[in-house]
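Right, one structure below, let's go through it.
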Amino acid sequence: MRVATWNVNSLRVRLPQLIRWLNESQTDVVCLQEIKMVDKQFPAKELADAGWPHLAWMGQPTYNGVAIVSRFPLENVQKGFEDGEEVDAQKRVIAATVHGVRIIGTYVPNGHRVGSDKFAYKLRWLDRFKRLIDRLDPKTDVLWCGDMNIAPDDVDVWDPFEWEGKVLCHPEERRRLQSIVDWGFVESFRERNPFASQFSWWDYRAMGFQRNHGVRIDHVYLTDSLNKRCSNVAIWRDVRGWEQPSDHVPVSVDLD
DNA sequence: ATGGTGGAAAGTCCA
């Protein structure tokens, strides 16, 4: 089973690319972020006709929005935190079980600038997500993927000196990510590529992709049982060079 | 250089 994550930056604009990429990559399940549409706009028929009929989505006007697109049935779909706390107006979490694997897709807040209200929201959001993970069992098959908006280490940034202490790299967000990982996750890409500097996002501005000014902020985390079943991790860099690309590329894992 | 480009949506907000 191939499972992936992709921040599409508008599913309306990127739908042809999504269907093309699903076919070329033969991906079975993909978690999407930034679909940027309300629920009634979701292209369920188009995706079903293309061969991915099992769908869950949670949109909002203009911003955010997450979805799961699958060849296989989705069970126990969860939309949002569903933790009894105040409902988050920003739609950033969706989960479902596929063939016994609990798949959680997230669009972690960007945080804008360190010290801003948005950065404080990002840290609160990560604390709340940690509590969601704490309610699960690390001995079960859990896959957490998405646009994490955090570069875990300096090697995940094109210029770590330029980025030091800034949003995506600040110690406070890295510490929170690590505390979630410490619950019982392995970061699938870094586990298999200890020293590789490969990126998943490049700024549209200032020729970011052409100059390879990128960061690796899209990740797939696996519990130990799933990590043992993982035979491959891929960052689909070429997709960034397609016509009218998202600023992010897909990241996939293969589970035997 | 607090810029730049792209997307939603119709003047800005967000990344």
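Just so we're on the same page: letters track the sequence lines, and every chain starts at 1.
- Proximity of the aromatic rings of Trp21(A) and Trp6(A) is defined here by a centroid distance below 6.0 angstrom, and this criterion is met.
- Checked by atom type, the side-chain pair Ser225(A)/Asp141(A) shows a donor-acceptor distance below 3.5 Å.
- Clustering of Ile, Leu, Val, Met, Phe, Trp and Tyr side chains at separations under 4.5 Å places Ile180(A) together with Phe81(A), Val93(A), Ile104(A), Val108(A), Tyr121(A), Trp125(A), Leu126(A), Phe129(A), Leu132(A), Ile133(A), Leu136(A), Val142(A), Trp144(A), Met148(A), Ile150(A), Leu177(A), Val181(A), Trp183(A), Phe185(A), Tyr221(A).
- When the P atom is compared between dA9(B) and dT5(B), the two are found 23 Å apart, to the nearest whole Å.
- His213(A) has its ring centre no less than 6.0 Å from the ring centre of Phe199(A).
- Residue Arg12(A) is in sugar-phosphate contact alone, with no base atom involved, counting any heavy-atom pair closer than 4.0 Å across all strands shown.
- Here the range on DNA chain B touched by chain A, meaning any atom under 4.0 Å from one of its heavy atoms, is dT2(B) to dA15(B).
- Checked by atom type, the side-chain pair Gln60(A)/Arg92(A) shows no donor-acceptor distance below 3.5 Å.
- Remark: side-chain polar atoms of Arg229(A) are paired, donor with acceptor, to backbone N or O of Asp256(A) under 3.5 angstrom.
- Judged purely by distance below 3.5 Å, without hydrogens or angles, the side chains of Ser252(A) and Trp236(A) pair a donor atom with an acceptor atom.
- Among Leu11(A), Ile19(A), Ile35(A), the single residue meeting the side-chain contact (heavy atoms from CB on, under 4.5 Å) criterion with Pro43(A) is Leu11(A).
- When the C1' atom is compared between dC14(B) and dG4(B), the two are found 15 Å apart, to the nearest whole Å.
- No side-chain donor-acceptor contact under 3.5 Å links Asn64(A) and Lys36(A).
- Residue contacts for Phe209(A): at a heavy-atom cut-off of 4.0 Å it reaches no nucleic acid atom on any strand shown.
- Residues Arg113(A) and Gln244(A) each lie close to DNA chain B; by heavy-atom proximity, the contact nearer the 5' end of the strand is made by Arg113(A).
- Listed by residue number, the members of residues 198-206 of chain A with any heavy atom below 4.0 angstrom from DNA chain B are Tyr204(A), Arg205(A).
- Each of Met37(A) and His112(A) was assigned the nucleotide of DNA chain B with the nearest heavy atom; the assignment lying further toward the 5' end belongs to Met37(A).
- If you take atom C1' in dG6(B) and the same atom in dA10(B), they sit 16 Å apart, rounded to whole Å.
- To the nearest whole angstrom, the two C1' atoms, one in dA15(B) and one in dG3(B), are 15 Å apart.
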